[in-house]
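Here the structure comes first, spelled out in structure tokens, and everything after it is commentary.
Residues take their numbers from the sequence shown, with the count starting at 1. Order of appearance sets the numbers: ligands from 1, and atoms from 1 within every ligand.
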Amino acid sequence: MSESPIPLPDDAEERPDTLWVAPEESPLTVVAHRVRMRYKAPRTDRAPRKGLLGRLAPRRSMVSVSAVRGVDLTVREGEFVGIIGRNGSGKSTLLRMLAGVEPPTSGSIYTSARPQLLGVSAALMSDLTGAENIKLGFLALGMSPDQAEALLPGAAELSALGDAVDLPMRTYSSGMSARLKFAISVMAEPKILMIDEALSTGDATFSKRSAAKMDELLSNAGTVFMVNHAPRTIENVCSRVIWMERGRVVLDGDTKEISALYRSFTYRMARDREQEAMAILREATIAGESQRASAVLTLPEDDIPLRKDNVPELEPDPFTAIFDREMHAQRFPGTIQPND
Ligand SMILES: Nc1ncnc2c1ncn2[C@@H]1O[C@H](COP(=O)(O)OP(=O)(O)OP(=O)(O)O)[C@@H](O)[C@H]1O
């Protein structure tokens with residue numbers, strides 16, 4: 001991959017040198033094979049038919065949204081994988097599928113243990129205190145009441161909530177709730193943890209405690225995934241990063257290199273320098289081909305084929321357009337095909 005052309009806008013801060021990197025030979029924990037997710041949704045015509053009928057019964061049609069357009073992934077024990085990408089690029093959908101919360105439209109997912117998804121929607125009771133919710137959370141994760149009691153002090157400490165741990169959760173800020181959920185999930189020591197929310201990085205005590213706990217999890221043969229918009233957060237904690245764009249994996253690999261390129265891309269997009277941004281995206285996509293190819297396992301063709309249901313795509317695969325327009329319709333890597 002060539003160097004990113006323009007100096008990067010933000011983050012002077014260096015990531016720590018001590019990131020845990022999983023050895024090549026460590027066992028696989030998560031494998032995704034040609035995973036796709038296609039949602040269908042009703043669309044209302046904004047220019048309704050004339051007359052009373054039009055007002056009473058606006059025209060509706062079904063459209064499909066390809067949230068994830070064929071992802072292959074192999075992840076190992078000890079890896080801390082960050083998923084970055086713009087809004088709507090399919091990060092959360094991919095994570096939900098990997099976690100087993102939503103079945104893919106097609107493709108297969110294999111995991112070595114039951115993943116635990118830590119998301120904004122994790123159910124906690126607003127009238128109970130933080131401490132009561134910790135115990136409730138442990139019970140929901142299958143612990144006995146005695147185990148839940150024994151782990152309570154550790155979770156309360158990890159959350160760095162101080163005395164607030166004895167206040168009802170409805171008094172918490174969103175950052176405080178996020179920390180509590182994080183503490184519950186991490187103290188339960190899952191082998192595969194998936195975090196789909198920004199963890200507050202502003203609070204130094206919590207950052208330090210959570211980083212130490214996460215290291216412990218990784219060195220005990222765990223695997224962690226984290227979805228985050230901020231490349232800096234990802235750079236500081238992840239040993240590997242996946243850049244997603246419109247349901248595809250653009251690049252998968254070295255955190256520093258990929259997040260620098262991604263920052264360079266979003267910097268230009270934010271300043272209406274779309275052509276330059278697209279050139280970076282195109283270059284990165286081509287550079288990522290060998291990584292994508294090496295992630296593909298030789299597995300039997302067990303995909304459920306996508307049904308031809310005549311539901312049109314809201315947005316056709318944009319990668320086709322990039323390649324056709326700018327690269328004069330040369331044949332490009334097999335994982336990015338027109339009309340996929
Ligand atoms: N239940 C659903 N029904 C229809 N479309 C959906 C559904 N969930 C997600 N989508 C669409 O799928 C695409 C990917 O969404 P997803 O939430 O995975 O993206 P994301 O990268 O996590 O976005 P963000 O960074 O904004 O959280 C988007 O276009 C979104 O509108």
Ligand 1-proximal atoms of Thr93, by part, heavy-atom distance under 4.0 Å: both

Which of the ligand 1 atoms, numbered from 1, are nearer than 4.0 Å to a heavy atom of Arg86: 21 (O)

N/O donor-acceptor pair under 3.5 Å between Lys181 side chain and Leu124 backbone: no

Ligand-residue contact atoms, ligand 1 with Val65, heavy atoms, under 4.0 Å: 11 (C), 12 (O), 29 (O)

Test side chain to side chain donor-acceptor pair (under 3.5 Å) applied to Ser259 and Arg263, step by step: CA-CA 6 Å; Ser259 60; Arg263 271 190 277 131; 4.6 Å; no

Basic-acidic side-chain contact under 4.0 Å: Lys256, Glu235: no

Selection from Gly85, Ser92, Gly88, Ser66 by shortest heavy-atom distance to atom 28 (C) of ligand 1: Gly88

For Trp243 against Ala284, the heavy-atom pair lying closest together: CZ3-CB, 3.7 Å

Presence of salt bridge, Arg271 and Glu276, under 4.0 angstrom: no

Sub-4.0 Å atoms of ligand 1 with respect to non-hydrogen atoms of Ser89: 19 (O), 20 (P), 21 (O)

Protein non-hydrogen atom found under 4.0 Å from atom 6 (C) of ligand 1: yes

Heavy atoms of other groups near Glu274 CD, more than 12 under 6.0 Å: no

Option nearest atom 19 (O) of ligand 1 (shortest heavy-atom distance, choices Gly90, Ala41, Ala67): Gly90

Sub-4.0 Å protein heavy atom near atom 15 (O) of ligand 1: yes

Shortest protein heavy-atom distance from atom 9 (C) of ligand 1, along with the residue and atom involved: Tyr39 CE1, 3.5 Å

Heavy-atom nearest neighbour in the protein, as seen from atom 26 (O) of ligand 1, with distance rounded to 0.1 Å: Asn87 ND2, 2.8 Å

Ionic contact status for Lys135 with Glu149, cut-off 4.0 Å: yes

Nearest non-hydrogen protein atom, atom 21 (O) of ligand 1: Lys91 NZ, 2.8 Å

Test item: Leu217 and Pro190 side chains (from C-beta on) under 4.5 Å apart, heavy atoms: yes

